[in-house]
Novice: 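Quick one: structure below, then a few questions.
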Amino acid sequence: MATKKNQIVPPPTLGIRNSFHSLVAILVTILVIAVVYLSQNGGQMLENCSKSRGASSIESDSSCNLFSGKWVFDNESYPLYNEKQCTFMSDQLACEKFGRQDLSFRNWRWQPHHCDLPRFNATALLERLRNKRLVFVGDSLNRGMWVSMVCLLDSAILPSFKTMHANGSLNIFNATEYNASIEFYWAPLLVESNSDDPVSHRVPDRIVRVQAIEKHARFWTDADILVFNSYLWWRRPKMKVLWGSFESSNGIYKEVKMLRAYEMALKTWSDWLEVHVNPNKTQLFFVSMSPIHERAQEWGGAKGKNCYGEKEQIFKEGYRGRGTDPKMMRVVENVLDSLKTRGLNVQMLNITQLSDYRKEAHPSIYRKQWEPLTEKQISDPSSYADCDHWCLPGVPDRWSKKKTQFPLLALLFLVFIVLSILHYERSILQIQEDQDHVHNDHHHQQPPFIFVKPNLSRLQSRAPEVLDRFSRCNSTREYNRRKIEWTADRKTKSGRRRNSSKTCDVFSGKWVFDNTSYPLYKESECPYMSDQLACHKHGRDDLSYQNWRWQPHGCNLKRWNVTEIWEKLRGKRLMFVGDSLNRGQWISMVCLLQSVIPADKKSMSPNAPLTIFRAEEYNATIEFLWAPLLVESNSDDPVNHRLDDRIIRPDTVLKHSSQWEPADILIFNTYLWWRQGPVKLLWSTEESGICEKVDGLGAMELAMEAWADWITTKVDPRKKKFCRMIGGDNPSNKFSADVTIWPILLAIIPMWNREWNPGSEGNCYNEKTPINFEGYWGSGSDLPTMRMVDKVLNKLGSKVLVLNITQLSEYRKDGHPSVYRKFWEPLKPEQLSKPASYSDCIHWCLPGVPDVWNELLFQFL
């Protein structure tokens, strides 16, 4: 397929490149592991003393300062793994691959002065991380540490028990056997900036919002171990600071001296930690500066030269070059001291001195160059040598100044040490798992189906390219009868789904006109109303569609209570996942709940694949994730998704599940996007870009089964309050004790009014009343599709509960926007002359029908 390569590719950035090999990192890892083991009984592990540039010493209660020592050549034990054997190696880090022949830099072992480090043990480290979430946050240095850690552990985990996926700024490695994750979040300045895109962040005019961190911090909140760094991206005399938002034209911009801006940003970061972090649960670390070696004359080399051609380290003990800024470290230390007085202990991991000796360990010219070199550069290699980052593991410095009683700290150190050596800017993740094709069909005889394992993070020799709106099929053939090898087929028994209601079928009833209690809010009073759904704003005068209440036959719905709902959502993430219909329900929920939140305590993130409404008072979010087909597709852009060809990867939901996993309550739907003609399948194992064409129902079934397989393997019903399905899928968060899943089955599309008004050829245009005969069923809902969905859900058994909004919505032909909405493209004269030709009979006006869907949700929260 002629698509751009879009694996987890590191951004072409100004200078921070990922370089992660095993040796030093491992070595250092060992170093830390040593710490862990040496202190296993005593508990207290490290004591770091140091202030900025002064000599730092780290002592342990076991009478050995592991971070005071020297580098010793050891080509028998090191490296601990080979560059080519690491599944996750990146071209930005593979110095040997790109021509470096002197590989002795891999063979240096860190030797403390008065003790030895134990041998690195990946299994022991994984045990330390069992049931934990370890998150690295920062720039390419921390990304390099993360990649190195993953690489160190990779060989100890069987392919079927590990996954890797990336979603924007967040990259996650899961060790499922240990219920552990090792994650990296790209935030090079910690606070919000215009360099936050993990790929496209080369901007000539860097702007930072020193008082805004929520955009990033929401991804860290539930972590057990947090490792921060931020340094290289601040290295300029002044920073442009923005007070206000990037989206607003009223923002105030001001040039501020770098050190002052850095201090303000760390103050925002520390304030967030104080409010949101539980010190009894979460361990916190801050990694010091990684030195650069750009001036050879500092270590006795020629003037104008740098690390290029260097093959030996600096042996002078206590050497300190100018590649670090002690003033910045004093700012960090002051901030950490202030946090300490407020009851929050952040360990500073001072890797600076240790790394300063290793001038020979940088990539120099031995890495992939992302832009063509000029003739002038080629004639002078030192002009483009990378002396900021690190080829291979190396050089952890002494640790800073506090004690901890957690072996995990040591573990963390280990991570740090191991990885601090690596300061590289991007990390390309590739996980390779066996691609099993099970030629084993239980239900069909001829020709046999070919069964495919879904949701594998890496297939064959490389990760499949990410689909986007520019993706194309090189050619198309007929469907070759591949099916999803769904785990539930063998491991779970089909069973009855639990009903959404115990004593009353709230989905069987009728609509009752009630202009006293309804609408529950006013369109004009919801600041987050969408122009697509604001029918009154766009000219609809008959507003009776807002006054209908759903009345179940044998009971009453619980009265809507905003405060009660917020209390139920306190400390939780409620996420809607799906297409524009689920987005409409999300907007409905926001409008229903936002009125009781003070203006300065609520916020809405900009439109993106994941859009978030936040209520600070309740520490709760209501979110929407654009995933119209649940599986990965070329229509995953929330804005530019109207394409001639619909291409999906029918065997993976991992692109989206990485976003929905952390949520506490999940509401899914998928339906409309399958009703728009044939779909092209591009299997994850397909490397030649050949697609298969199949009808919408067949494609939807494959996608539903890939989604269901994810549920089967990820959702533990013993740890959930309940899982409900209102539409098309059901995810879960392994880190949350109570995860609720609601998918929305089908949203009704009353297309032709001859179905409720025989002899007429119109549609929902100008309809003003509901359909009033019970049991009505039009062609807008696809019964074969519903039967297929029902079959999948039945096989999931008790893992899924269904909220079936189909029948009750079927009656409401009057509830659609019709012509009363914003249209994003100019209407043609022939359309204007015939309003029914462009009527929107798919979505729903607000206030209106989706509010009732949320009322039904309220019954079961």
Side-chain angles (χ1 to χ4, degrees), residues 500-501 503-523 533-536 540-561 581-582 584-585 587-589 591-592 669 671 726-727 742 744-758 760 762-781 786 802-818 820 839-860:
S500 302
S501 176
T503 58
C504 175
D505 181 3
V506 294
F507 309 106
S508 175
K510 62 180 180 179
W511 290 95
V512 176
F513 188 79
D514 181 355
N515 60 0
T516 302
S517 304
Y518 290 78
L520 297 175
Y521 59 92
K522 292 183 179 179
E523 175 189 300
L533 311 176
C535 301
H536 182 41
R540 184 162 181 173
D541 293 324
D542 64 298
L543 302 182
S544 61
Y545 66 91
Q546 300 182 357
N547 304 125
W548 292 91
R549 170 172 53 84
W550 179 250
Q551 177 61 59
H553 284 314
C555 56
N556 294 318
L557 293 181
K558 185 165 54 174
R559 179 67 181 171
W560 184 257
N561 187 315
L581 290 169
N582 235 21
Q585 187 178 358
I587 293 172
S588 163
M589 181 65 83
C591 290
L592 284 163
N669 89 315
Y671 173 57
I726 317 176
W742 313 68
I744 299 180
L745 211 71
L746 299 177
I748 307 313
I749 317 171
M751 296 300 294
W752 311 110
N753 66 2
R754 62 174 175 264
E755 296 181 349
W756 59 83
N757 185 16
S760 175
N763 55 18
C764 72
Y765 172 65
N766 209 31
E767 292 291 339
K768 298 181 180 180
T769 58
I771 296 169
N772 61 5
F773 58 92
E774 190 168 346
Y776 167 79
W777 203 270
S779 63
S781 296
M786 295 188 71
V802 178
L803 292 182
N804 192 342
I805 54 86
T806 306
Q807 180 71 78
L808 65 90
S809 306
E810 184 79 87
Y811 301 121
R812 293 302 306 276
K813 58 181 173 62
D814 62 313
H816 298 282
S818 182
Y820 304 108
S839 289
D840 179 354
C841 298
I842 295 174
H843 301 96
W844 302 90
C845 295
L846 290 178
V849 173
D851 301 331
V852 172
W853 300 350
N854 284 320
E855 282 190 277
L856 293 171
L857 254 180
F858 176 47
Q859 309 304 303
F860 307 103

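Computed from heavy atoms alone, side chains included, the values below leave out hydrogens, waters and symmetry copies. Remember, predicted model here, so these are calculated numbers, not experimental data.
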Novice: With heavy-atom distances below 4.5 Å as the criterion, would you say the side chains of Asn766 and Ser818 are in contact?
Specialist: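 A side-chain contact is absent here, since even the closest heavy-atom pair is not under 4.5 Å.
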Novice: Would you please say whether a donor-acceptor pair under 3.5 Å links the side chains of Asp542 and Ser544?
Specialist: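 Not at all, the side chains of Asp542 and Ser544 share no donor-acceptor pair under 3.5 Å.
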Novice: For Tyr545, which of Lys768, Arg540, His816 qualifies under side-chain contact (heavy atoms from CB on, under 4.5 Å)?
Specialist: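 By the side-chain contact (heavy atoms from CB on, under 4.5 Å) criterion, Tyr545 pairs with just one of Lys768, Arg540, His816: Arg540.
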Novice: What closest approach, in Å, do Ser588 and Tyr521 show between heavy atoms, and which atom pair accounts for it?
Specialist: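 Ser588 and Tyr521 have their closest heavy atoms at CA-OH, 4.1 Å.
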Novice: Assign the ring pair Tyr811 / Trp550 to parallel, tilted or perpendicular, where the plane angle (0 to 90°) is split at 30° and 60°.
Specialist: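 The rings of Tyr811 and Trp550 lie parallel, inter-plane angle below 30°.
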Novice: If you take all heavy atoms of Phe507 and Leu803, which pair is closest and at what distance?
Specialist: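 Looking at all heavy atoms of both residues, the closest pair is CZ-CD2, 3.3 Å.
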Novice: Hey, what do you get for CD1 (Ile805) to CH2 (Trp853), rounding to the nearest 0.5 Å?
Specialist: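 If we round to the nearest 0.5 Å, Ile805:CD1 and Trp853:CH2 are 4.5 Å apart.
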Novice: To the closest 0.5 Å, what do you measure between OH (Tyr820) and CG (Asp541)?
Specialist: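 Those atoms lie 7.0 Å apart.
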Novice: Among all residues two or more places apart in sequence or in another chain, which pass the side chain to side chain contact (heavy atoms under 4.5 Å, CB included) test with Ser517?
Specialist: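 Only Asp514, Arg559 meet the side chain to side chain contact (heavy atoms under 4.5 Å, CB included) criterion with Ser517.
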Novice: Checking side-chain contact (heavy atoms from CB on, under 4.5 Å) between Pro817 and each of Ile842, Leu846, Asp840, which is the one that passes?
Specialist: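 So, applying the side-chain contact (heavy atoms from CB on, under 4.5 Å) to Pro817 and each of Ile842, Leu846, Asp840, only Asp840 qualifies.
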Novice: Heavy-atom distance under 4.5 Å between the side chains of Gln585 and Leu857, does that happen here?
Specialist: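 Yes, close enough: below the 4.5 Å cut-off.
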Novice: Hey, does Asp814 have a side-chain heavy atom less than 4.5 Å from the side chain of Trp548?
Specialist: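 When only atoms from C-beta onward are counted, Asp814 and Trp548 do touch, with a gap below 4.5 Å.
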Novice: Are Tyr671 and Leu581 close enough that some pair of their side-chain heavy atoms sits under 4.5 Å apart?
Specialist: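 A side-chain contact is absent here, since even the closest heavy-atom pair is not under 4.5 Å.
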Novice: How close do Leu856 and Phe860 get, heavy atom to heavy atom, and via which atoms?
Specialist: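 Taking every non-hydrogen atom into account, O-CD1, 3.0 Å.
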Novice: Evaluate Trp844 against Ser809 for side-chain contact (heavy atoms from CB on, under 4.5 Å), listing each step before the verdict.
Specialist: CA-CA 10 Å; Trp844 302 90; Ser809 306; 4.1 Å; yes
Novice: Considering only heavy atoms from C-beta outward, does the side chain of Leu533 approach that of Cys845 to under 4.5 Å?
Specialist: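 Leu533 does not reach Cys845 side chain to side chain.
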Novice: May I have the step-by-step check of side-chain contact (heavy atoms from CB on, under 4.5 Å) for Lys813 and Thr769, ending in yes or no?
Specialist: CA-CA 7 Å; Lys813 58 181 173 62; Thr769 58; 3.7 Å; yes
Novice: Is there side-chain contact between Asp505 and His553, with heavy atoms separated by less than 4.5 Å?
Specialist: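 The answer is no, as the side chains (C-beta and beyond) never meet within the 4.5 Å cut-off.
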Novice: Against the six-membered ring of Phe858, is Lys558 placed for a cation-pi contact (under 6.0 Å from the centre, within 45° of the normal)?
Specialist: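 Yes.
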Novice: So, do Glu810 and Ile771 sit near enough that their side-chain heavy atoms are less than 4.5 Å apart?
Specialist: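 Heavy-atom side-chain distance check fails, nothing below 4.5 Å.
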Novice: For Val852 and Trp511, run side-chain contact (heavy atoms from CB on, under 4.5 Å): C-alpha distance rounded to whole Å, both residues' side-chain angles, the deciding distance at 0.1 Å, then the answer.
Specialist: CA-CA 10 Å; Val852 172; Trp511 290 95; 3.5 Å; yes
Novice: How long is the straight-line distance from SG of Cys535 back to NE2 of His843, given to the nearest 0.5 Å?
Specialist: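 The NE2 atom of His843 sits 11.5 Å away from the SG atom of Cys535.
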Novice: How many angstroms lie between atom CD1 of Ile587 and atom CG of Asn582, to the nearest 0.5 angstrom?
Specialist: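 Here the interatomic distance stands at 11.0 Å.
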Novice: Measure from the side-chain N and O atoms of Glu855 to the backbone N and O of Leu557, and report whether any donor-acceptor pair falls under 3.5 Å.
Specialist: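 Side chain of Glu855 to backbone of Leu557: no pair is present.
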